[in-house]
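Chain identifiers are assigned alphabetically (A, B, ...) following the order of the sequence lines, protein sequences preceding nucleic acid strands; residue numbering begins at 1 within each chain.
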Amino acid sequence: MKFGVVVFPGSNCDRDIQDALQNDLNKEVIMLWHKDKNLDMFSTQDGIILPGGFSYGDYLRCGAIARFSPMMQSVVEFANKGGKVLGVCNGFQVLCESQLLPGILLRNANRQFICKNVFLKGADNKTLKIPIAHGEGRYYAEDKILDRLEANNQVIFQYCDQKGSVNAAANPNGSLRNIAGIKNEAGNVFGMMPHPERATKQALGNVDGKIILQTLLMN
Amino acid sequence: MEITVKTAEQLRLTAEEFELIKQKLGRTPNFNELCAFSAMWSEHCSYKNSIKWIKTLPREGARMLVAAGEENAGLMDIGDGFGVVFKIESHNHPSAIEPFQGAATGVGGIHRDIFTMGARPIAALNSLRFGKLNEAKTQHLLSGVVHGIGHYGNCFGVPTVGGEVYFEQCYHTNPLVNAMSVGILKSGDTISATAAGVGNHVFFVGSATGKDGIGGASFASADITNESAGELPAVQVGDPFQEKKLLEACLEVIKTGAVSGMQDMGAAGIICSTAEMSAKGEVGMKIHLDKVPTRQQNMKAWELLLSESQERMLMVVKKGQEEEVLRIFEKWDLPCADIGEVTEDGILQFYMNGELEAELPAYELVLGGGAPQYERKFQEPAYFQKIRQFNPEAIQVPDDLKEVAEKIVTIPNIASKRSIYVQYDSMVGAANTSTNEPADAAVVMIKGTNKALAITTDCNSRYVFADPFKGTMIAVAEAARNIVCSGGLPLGVTNCLNFGNPYDPEVYYQFVEAIKGMGEACRKFNTPVTGGNVSFYNQSPEGPVYPTPTIGMVGLLDRVRDKMTLDFKAPGDVIFLIGKSSGDINSSEYLHKVHGVEHSPAPHFDLDEEHALQQKIAELIKNKVIESAHDISEGGLFITLLESCFNRELGVDVVASDYNIRKDGFWFGEAQSRVVVSVKSTKAASFKKVIGDHPYEELGEVTTGSIEIDGMNWGDIKDWKYKYDTAIEKFLHPELENALNLVP
């Protein structure tokens with residue numbers, strides 16, 4: 001399988017995810033310019049990544065302009081056909097703005113940008129250490145949407161402590177129900193605030209991100 | 001408008017400088033021309049009060065790929081066809097007025113200096129000084145500056161990998177904001193800030209020009225400004241999204257080979273970039289100011305010449321390749337305009353709608369050309385007497401050293417800067433190894449190679465205040481020591497010289513002595529000064545700031561796996577102090593903050609001793625006999641030990657062996673040239689073989705978490721860590737002590 005990485009003018013994690021997929025996970029990667037539309041080279045077996053960054057400056061709501069870009073129209077079609085799409089950080093914000101995922105990412109509870117390692121608990125209950133770096137990552141949705149996400153097992157990651165306990169103290173940004181990442185009902189569109197692509201190299205002292213990319217995209 | 005000496009003086013030129021201008025031009029300049037001289041002969045652009053001394057610094061070395069100070073930043077060879085580009089610069093005055101934008105544009109400006117040379121920035125650092133943290137003004141400035149640095153750097157997408165923050169009364173009104181950027185280029189991609197090729201077209205690229213950044217101090221007079229000038233923002237406004245696009249577009253254009261030369265527009269905007277590029281290329285330019293993209297209507301010639309609007313570049317394009325440049329800037333949705341061409345005669349001609357508005361010989365405007373150079377008077381500061389009078393014997397060794405230690409660990413200069421650095425993206429780029437595995441310097445991988453850079457900024461300005469010569473040597477030595485302790489080889493220096501008013505002979509004495517000390521130390525460590533920046537006038541009615549010659553240093557690791565970290569690894573490992581034990585308390589945080597002594601000499605430092613220490617540390621790392629290395633700096637040996645314990649929440653059981661040394665100095669003194677290392681007990685023999693006859697002392701061993709000092713239990717590492725981590729947060733948010741963001 002191969003991957004496409006969408007490059008918005010303000011993307012700044014595009015080369016990081018490219019590097020992680022190509023060099024640490026041995027996958028073919030094609031960079032996709034936001035003004036283009038063509039996704040013909042991808043089949044639904046492949047994956048499209050929306051990377052972190054500040055898409056169009058994000059002076060309006062994060063991702064609010066990106067959803068109107070030509071490439072996003074094609075990504076929405078691709079997702080609706082069942083192709084895998086992963087949005088990381090700003091990519092998650094774009095997916096929510098595009099309504100491929102429910103809910104929205106609000107300003108962090110402490111009203112500051114936060115960059116640090118956090119712990120995540122996934123569906124298999126394993127605890128993984130992954131960095132976050134965002135100013136607007138507080139996941140918010142109405143209670144009935146949150147209930148539905150939980151009932152359908154659509155919450156893919158929750159912030160937890162080192163021992164795997166999901167509690168208020170382990171929540172870095174005030175996300176409802178400690179939500180760090182979700183998927184859509186069909187299970188082919190994923191969004192997460194933490195950055196797995198920053199944790200795929202031994203030299204950086206953390207390779208937990210490899211597990212996430214493999215689990216989400218390569219199963 | 002008649003131009004007289006009065007006009008010149010209102011533009012901050014002296015009467016002598018006005019005469020010199022008339023003499024050089026052979027006529028009286030018009031207002032536009034006088035504005036150009038005012039900006040170009042300002043301290044900031046001309047280095048008129050510093051250049052004579054700066055030229056005494058070591059500025060040559062085998063690895064240097066461009067001459068010091070000749071380009072926008074220093075460039076050094078790091079092998080395998082790669083070069084490292086780096087520079088540090090101040091944005092003190094804008095940050096004092098408008099901390100958020102002042103700091104943000106400081107970051108933006110220094111990154112532009114890096115990518116205008118064709119390099120991609122891969123790391124940012126910053127060195128900050130504020131007044132006392134309990135003051136509301138300091139908290140306001142700190143919050144704004146940190147927010148500004150984060151806002152710009154995080155969006156631009158370059159990790160902030162290191163830096164320093166100090167709080168001292170002398171910076172109350174005049175904070176220091178020094179930003180450093182480090183980039184990587186492939187040799188052959190280097191772009192010079194030189195105009196060449198008569199007939200080549202000159203392009204203006206980047207954000208449209210507004211009136212921001214003009215109308216500062218030079219335009220305070222009502223005679224000069226038009227009615228609206230009073231409303232002009234004196235501080236520029238930054239847009240990191242524009243800069244991100246400008247970076248990508250410039251690097252893409254460079255790859256096409258279309259760029260003949262390029263320079264960013266920083267201070268003094270168009271006039272500075274056209275003058276410096278032309279003077280260096282010994283050519284002239286014919287520029288049509290009306291073709292410059294603007295975001296305000298009816299801008300006058302002098303406003304266009306002087307505007308410091310951000311995110312702009314001047315690019316000289318090779319003939320026939322103009323279309324390529326236009327295409328790439330169109331792709332990135334950035335303004336790009338052909339505003340003129342390179343001419344043969346060395347004259348800058350600025351036209352507005354066909355009218356010649358200014359005509360100036362480029363050479364006469366620039367540093368190294370016609371700009372004046374002064375020697376200033378200097379004399380030893382009167383406060384030196386007080387320093388000489390200090391007698392350490394008068395300071396009694398406290399009975400309860402644990403109580404002292406608990407105070408020291410919460411001094412803002414020493415405590416964790418966590419609440420600050422979590423606001424900076426330190427990991428974008430996926431190359432900074434130091435977030436997860438800390439070392440004395442930030443170690444950043446160079447993608448596409450096995451190499452890494454070790455980068456640091458250092459300056460303990462109280463040492464410089466106490467002894468400008470020795471204190472500046474210490475700043476250089478500490479930077480080199482941090483790089484060596486991280487497993488790197490120090491390569492070169494960029495400096496940011498923050499001083500008070502150069503017309504004050506006591507301030508100028510500090511400057512001169514600092515330069516002498518810097519030169520001496522840089523020669524010893526073989527680290528040439530590749531460039532930097534001078535910031536004078538950091539002075540308020542309360543007096544000048546501490547002399548603060550911040551050192552930015554870059555080192556090289558041939559293999560990233562050669563990196564040495566600062567944290568203790570396992571209980572049972574043996575702890576050694578490399579260097580001589582000392583009871584020296586001079587100029588320590590302990591003496592200054594706990595005893596309140598403002599005047600004492602700089603701590604013990606000997607250049608040869610330091611050099612030998614660094615050689616030995618490098619040898620220990622190379623021979624793989626040590627598990628960690630962390631140098632002793634502010635807070636002394638005790639704080640160094642704690643910092644080595646924090647990452648893995650280990651403890652220490654250590655004893656001071658020499659009872660003739662005063663205990664407060666032993667644990668909290670800041671004598672230089674000392675490093676704490678840990679060694680696996682199985683490697684003790686190999687350690688002793690490598691260390692040879694270099695002075696060292698066995699202090700004890702690493703424990704599972706309890707802190708045992710001189711046979712007494714000082715509690716658990718987790719409690720010390722909590723105190724250290726939360727001290728600054730408690731200052732800033734006393735009400736939030738139990739809030740979410742304080743949980744480690």
According to side-chain hydrogen bond (donor to acceptor under 3.5 Å, both in side chains), who are the partners of B:D80, at least two apart in sequence or on a separate chain? none
Count the heavy atoms belonging to other residues, nucleotides or ligands that lie under 6.0 Å from CD of A:Q214, then report whether that count exceeds 12. yes
Flag yes if more than 12 heavy atoms outside B:E330 fall under 6.0 Å of its CD atom; otherwise flag no. no
How long is the straight-line distance from OH of A:Y56 back to NZ of B:K245, given to the nearest 0.5 Å? 9.5 Å
Of all the heavy-atom pairs spanning A:C115 and B:M427, show the shortest one and how long it is. SG-CE, 4.1 Å
Name the option with the most non-hydrogen atom pairs under 4.5 Å to chain B; the candidates are A:A199, A:P131, A:G57. A:G57
Mark yes when over 12 heavy atoms from residues, nucleotides or ligands other than A:K2 sit less than 6.0 Å from its NZ; otherwise mark no. yes
When you look at CZ of A:R61, are more than 12 heavy atoms from neighbouring residues, nucleotides or ligands closer to it than 6.0 Å? no
Heavy-atom check, side chain of A:R15 versus side chain of B:R120, under 4.5 Å: yes
I'd like to know if the side chain of A:N12 reaches the main chain of B:G429, judged simply by a donor and an acceptor atom lying under 3.5 Å from each other, with no hydrogens or angles considered. no
Out of curiosity, B:C155 SG to A:F113 CZ, how far, rounded to the nearest 0.5 Å? 9.5 Å
Close contacts, residues 200-210 of chain A versus chain B, judged by heavy atoms under 4.5 Å: A:K201, A:A203, A:L204, A:G205, A:N206
Just give me the residue among B:V443, B:D333, B:V146, B:T435 that pairs up with chain A most often, heavy atom to heavy atom, under 4.5 Å. B:D333
Surrounding CD of A:Q73 (heavy atoms of other residues, nucleotides or ligands, distance under 6.0 Å), is the total greater than 12? yes
So, taking the atom named CG in B:D239 and the one named OH in A:Y59, what distance separates them when rounded to the nearest 0.5 Å? 3.5 Å
At what distance, to the nearest 0.5 angstrom, does CZ of A:F54 lie from NE2 of B:H151? 8.5 Å
Side-chain donor/acceptor of A:K116 to backbone N/O of B:R418, under 3.5 Å: no
Sort B:A452 into side chain, backbone, both or neither according to what part of it lies under 4.5 angstrom from a heavy atom of chain A. neither
By a 4.5 Å heavy-atom criterion (distance strictly below it), what part of A:R198 contacts chain B: side chain, backbone, both, or neither? both
Which atoms form the tightest heavy-atom contact between B:D425 and A:A133, and what is the distance? OD2-CB, 3.6 Å
Can you tell me if A:K35 uses its side chain to pair, donor with acceptor, with the backbone of B:K331 under 3.5 Å? yes
If you count heavy atoms of other groups shown closer than 6.0 angstrom to CZ of B:R648, is the number above 12? yes
What part of B:E437 gets within 4.5 angstrom of chain A, counting heavy atoms only: side chain, backbone, both, or neither? side chain
Tell me, do B:K447 and A:N23 make a side-chain contact under 4.5 Å, heavy atoms counted? no
